Participant: 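Please see the structure below; I have some questions.
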2 protein chains.
Amino acid sequence: MSDKVTIYDIAKTLNITAATVSRALNNNPKISEATRLLVLETAAKMNYKQNKLAQSLRSGKSHNVGVIVPRIDSNFFASVIRGIEEELRPVGYHVIITQTNEDEVRQSENITALLNAQVDGILMSISNVSEANDHVINNVVKQNVPLIFFDRKKEMPGVSSVTINDFEAGYLATKNLIEQGCKRIAHLTGDLSLEIFINRKKGYQKALLDNDLVFNEDYVLQTKSSVDAGRQAVQRLLGLNTPPDGIFSSSDFAALGAIQELRERGIKIPKDVCVFGFGNEPFTRFMELSISSVDQSPLEMGRMAAKVFLEQINNTSKVKIEKKVVLNPELQIRKSSTRI
Amino acid sequence: MSDKVTIYDIAKTLNITAATVSRALNNNPKISEATRLLVLETAAKMNYKQNKLAQSLRSGKSHNVGVIVPRIDSNFFASVIRGIEEELRPVGYHVIITQTNEDEVRQSENITALLNAQVDGILMSISNVSEANDHVINNVVKQNVPLIFFDRKKEMPGVSSVTINDFEAGYLATKNLIEQGCKRIAHLTGDLSLEIFINRKKGYQKALLDNDLVFNEDYVLQTKSSVDAGRQAVQRLLGLNTPPDGIFSSSDFAALGAIQELRERGIKIPKDVCVFGFGNEPFTRFMELSISSVDQSPLEMGRMAAKVFLEQINNTSKVKIEKKVVLNPELQIRKSSTRI
DNA sequence: TAATTTAGTGCAATCGATTACTCTTATCCT
DNA sequence: AGGATAAGAGTAATCGATTGCACTAAATTA
């Protein structure tokens, strides 16, 4: 009695065919009301559960989407996923999550595995841009599986994306530091093969330019998104002849490390050095010396990505939709960059 | 050329049958080496992708597991999920995540949807214990779908679980406060229909008892896991005739709120009041006044839950495994509870 | 009343992969 | 050389749900 009940079992019980049962369960108008009710009742009585796998095989739709992120245990990605799940669950989609750990091999494997699993779409934040990956990603497009990038994207024909305006974010954060009187602003950047970091840096540079500040290559350090990396970056910056008086970090964790290192050396924040982070991690708000940061509205980003996916799915025309949604970053200006 | 290639297509190309192709792809020894290689080569050339749905339908194994959590955008749950994914990906399982938002209706819906999707197992942290839910959860067991609780469990026959020793955690945290000289220790608890909160509270009580401190009902406040709730709790505690000199909170967020409220009122931490949190959220470590907290090793918990699931799956004997894994909590003693 | 429509079901193929069973050949042994 | 065995491949059923087409009987129309 525990073993799976199928429409055939119901059919046998009622002495009708599975076709009729299927139609009844799907409210097909060709079925008499009496039969329909009888089937529904019997199905409930027998504890019938629809086998989605069979349905998926037949329809070619798995009602699953794959999500690929570098890692899920980061506030940003977890929030994006939350947004995706909340948007897709009500319309009957399940969310499969996979992590790459920034490893391009795992990224390829994940994509392939998701395609094999017949997901109806892939939402991903790219980890790595390499030839091998390009090939696999192109496979997705070739197989007509909707692909949506969020946050970390890659310019590709036929692929939609949801990002924030990283250029603007970099520009505004830097401008904020300038307005606080910073003249020598350093920038902790990330993996420059990724558009987000390129754009944040460009915004930073443009803000300097617009305010007649010189751009100094020595002030730009490639830094991992970790507290330690932030500390090390500051160590290097303090070794320069003219150390910076402002830091725009493209990672909150690096910003935190920077702050810790600066304070340990007796440098006052924001008096001597102002710091601006990126990502609006929860701790930036919680610190006694709260850290200014750029909010990327991850929840909204996830929701948007899901919506774009649904649009693609429901797009009946032959013309492929290629939508580029750009969300506005929001500055959270806090103590670490507020001198007045 | 973009459309799905099946084994029938390969078969037609090579003028053999699909059965042979299938055997060749599965390294069935009954196939000649020559044919095998030919098939493999052709499959690669035609960009063949195995349709897991079809395979799943036939085998009755979806190679998907469902994970149900209250919400994914919490460091704890995200880390658990990370652990689950890392353990299951290498063995070919996909992880479907769903959230309940602590809503019992959504919880039931999610369970049902996952069962319909034919998941091979469900790993969940229970949100709510009610009659309706009991019924649905029992369904899982009845259908012989391995069910593993993590963190928030419910005692049920035939169901495995991975938790930390919450009693011990509550005991040790409270003991730490006592050792720091606290005599009047308050406890911010959670939803007392959940075992975790009951056990933490019991540990707290036992520690008081063992150290000849009186248990005062007024010192126990049911508090949501949020900064605001923590603040409110402190407001109420300070209204008592003899306010506490120590707080053991079963939530880091509430602990943070408590600290903020106390400090705003000029109460010194840890001098006047010591505070101990629960969960080891990242910010507890990052604060200048770092917050003592109980670490639940979420990554390990996720890994363990996944391992227990795999054991169940691979258990060929008819005897059901019912495994209760209890991890040891680890105190992270920090400034908020260190007077010396 | 005869012809035609319609409501309600059944039949059987399909989605793609797997596998127990059957059937050819080729090889082996005495 | 004749029969036994094995190697390699084909046939067809199966997993569960869906759906175009066919069919029957009742209802409608002329």
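Naming: A, B, ... by sequence-line order, numbering from 1 per chain. Just so it is clear, the structure is predicted and the values come from calculations on it, not from any experiment. Just so you know, these numbers use all the heavy atoms, side chains as well, and skip hydrogens, waters and symmetry mates.
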Participant: Where the side chain of N314(B) meets the backbone of L310(B), is there a donor-acceptor pair that is under 3.5 Å apart?
Facilitator: yes

Participant: So does Q55(A) get a side-chain nitrogen or oxygen closer than 4.0 Å to the phosphate oxygens (OP1/OP2) of dC15(C)?
Facilitator: no

Participant: Please pick, from dT19(C), dT9(C), dA9(D), the nucleotide with the shortest atom-to-atom distance to any side-chain atom of T35(A).
Facilitator: dT9(C)

Participant: Once you round it to whole Å, what is the distance between P of dG10(C) and NZ of K12(A)?
Facilitator: 15 Å

Participant: What residues in residues 56-63 of chain A put a non-hydrogen atom under 4.0 Å from any atom of DNA chain D?
Facilitator: R58(A)

Participant: Hey, can you pull the donor-acceptor pairs under 3.5 Å for the side chains in residues 16-31 of chain B, sequence neighbours left out?
Facilitator:
| residue | atom | partner | partner atom | Å |
| --- | --- | --- | --- | --- |
| T17(B) | OG1 | T20(B) | OG1 | 3.2 |
| S22(B) | OG | N26(B) | ND2 | 3.4 |
| N26(B) | ND2 | S22(B) | O | 2.8 |
| N27(B) | OD1 | R36(B) | NH1 | 2.8 |
| N28(B) | OD1 | K30(B) | N | 2.8 |

Participant: Taking CZ from R36(A) and P from dA7(C), how many angstroms apart are they, rounded to a whole number?
Facilitator: 16 Å

Participant: Ignoring hydrogens and angles, tell me if any N or O in the side chain of E104(B) forms a donor-acceptor pair with the backbone of N133(B) under 3.5 Å.
Facilitator: no

Participant: Using rotation axes that map the C1' atoms of four end pairs onto the next four (five pairs an end), what angle separates the end axes of the helix from dT1(C)-dA30(D) to dT30(C)-dA1(D), to 10°?
Facilitator: 50°

Participant: When the distance from OH of Y8(A) to P of dA13(D) is rounded to whole Å, what number comes out?
Facilitator: 14 Å

Participant: At a heavy-atom distance below 4.0 Å, what parts of residues 22-31 of chain B sit against DNA chain C?
Facilitator: S22(B), R23(B), N26(B)

Participant: For the pair made of CD in Q50(B) and C1' in dC15(C), what is the distance, rounded to whole Å?
Facilitator: 15 Å

Participant: I need the minimum non-hydrogen distance between K324(B) and V159(B), along with the two atoms involved.
Facilitator: NZ-O, 2.9 Å

Participant: For the CE atom of M46(A) and the OG1 atom of T6(A), what is their distance to the nearest 0.5 Å?
Facilitator: 8.0 Å

Participant: Does the side chain of T6(A) get closer than 4.0 angstrom to OP1 or OP2 of dC15(D) through an N or O atom?
Facilitator: no

Participant: Please table the atom pairs, donor to acceptor, closer than 3.5 Å between any side-chain atom in residues 299-308 of chain A and protein atoms at least two apart or in another chain.
Facilitator:
| residue | atom | partner | partner atom | Å |
| --- | --- | --- | --- | --- |
| R303(A) | NH2 | E86(A) | OE1 | 2.7 |

Participant: Rounded to whole Å, how long is the line connecting atom CG of L38(A) with atom P of dG8(C)?
Facilitator: 15 Å

Participant: Distance check needed: dT14(C) P versus N51(B) CG, whole Å only.
Facilitator: 17 Å

Participant: Checking the side chain of N51(A) only, and the main-chain atoms of N116(B) only, is there a donor and an acceptor separated by less than 3.5 Å?
Facilitator: no

Participant: Which part of the nucleic acid, if any, lies within contact of I16(A), taking any heavy atom under 4.0 Å across all strands shown: a base, the sugar-phosphate backbone alone, or nothing?
Facilitator: sugar-phosphate

Participant: For the residue pair Q312(A) / S160(A), report whether a side-chain donor-acceptor contact shorter than 3.5 Å exists.
Facilitator: yes

Participant: Let me know the distance between NZ of K49(B) and P of dG16(C), rounded to the nearest Å.
Facilitator: 16 Å

Participant: Strictly below 4.0 Å: does T17(A) bring a side-chain N or O up to OP1 or OP2 of dT9(C)?
Facilitator: no

Participant: Quick check for you: among dA12(D), dA17(D), dA17(C), whose closest atom lies nearest to any side-chain atom of Y48(B)?
Facilitator: dA17(C)

Participant: Is any side-chain heavy atom of V69(B) closer than 4.5 Å to a side-chain heavy atom of V67(B)?
Facilitator: yes

Participant: Hey, could you give me the CD/OG1 distance between E109(A) and T98(A), rounded to the nearest 0.5 Å?
Facilitator: 10.5 Å

Participant: Go through the side-chain N and O atoms of Q118(A) and S56(A) and say whether any donor and acceptor fall under 3.5 Å apart.
Facilitator: no

Participant: Of all residues at least two apart in sequence or in a different chain, which pass the side-chain contact (heavy atoms from CB on, under 4.5 Å) check with S32(A)?
Facilitator: A34(A), T35(A)

Participant: Taking atom P of dG16(D) as reference, at what distance in whole Å does atom CD of Q143(B) sit?
Facilitator: 13 Å

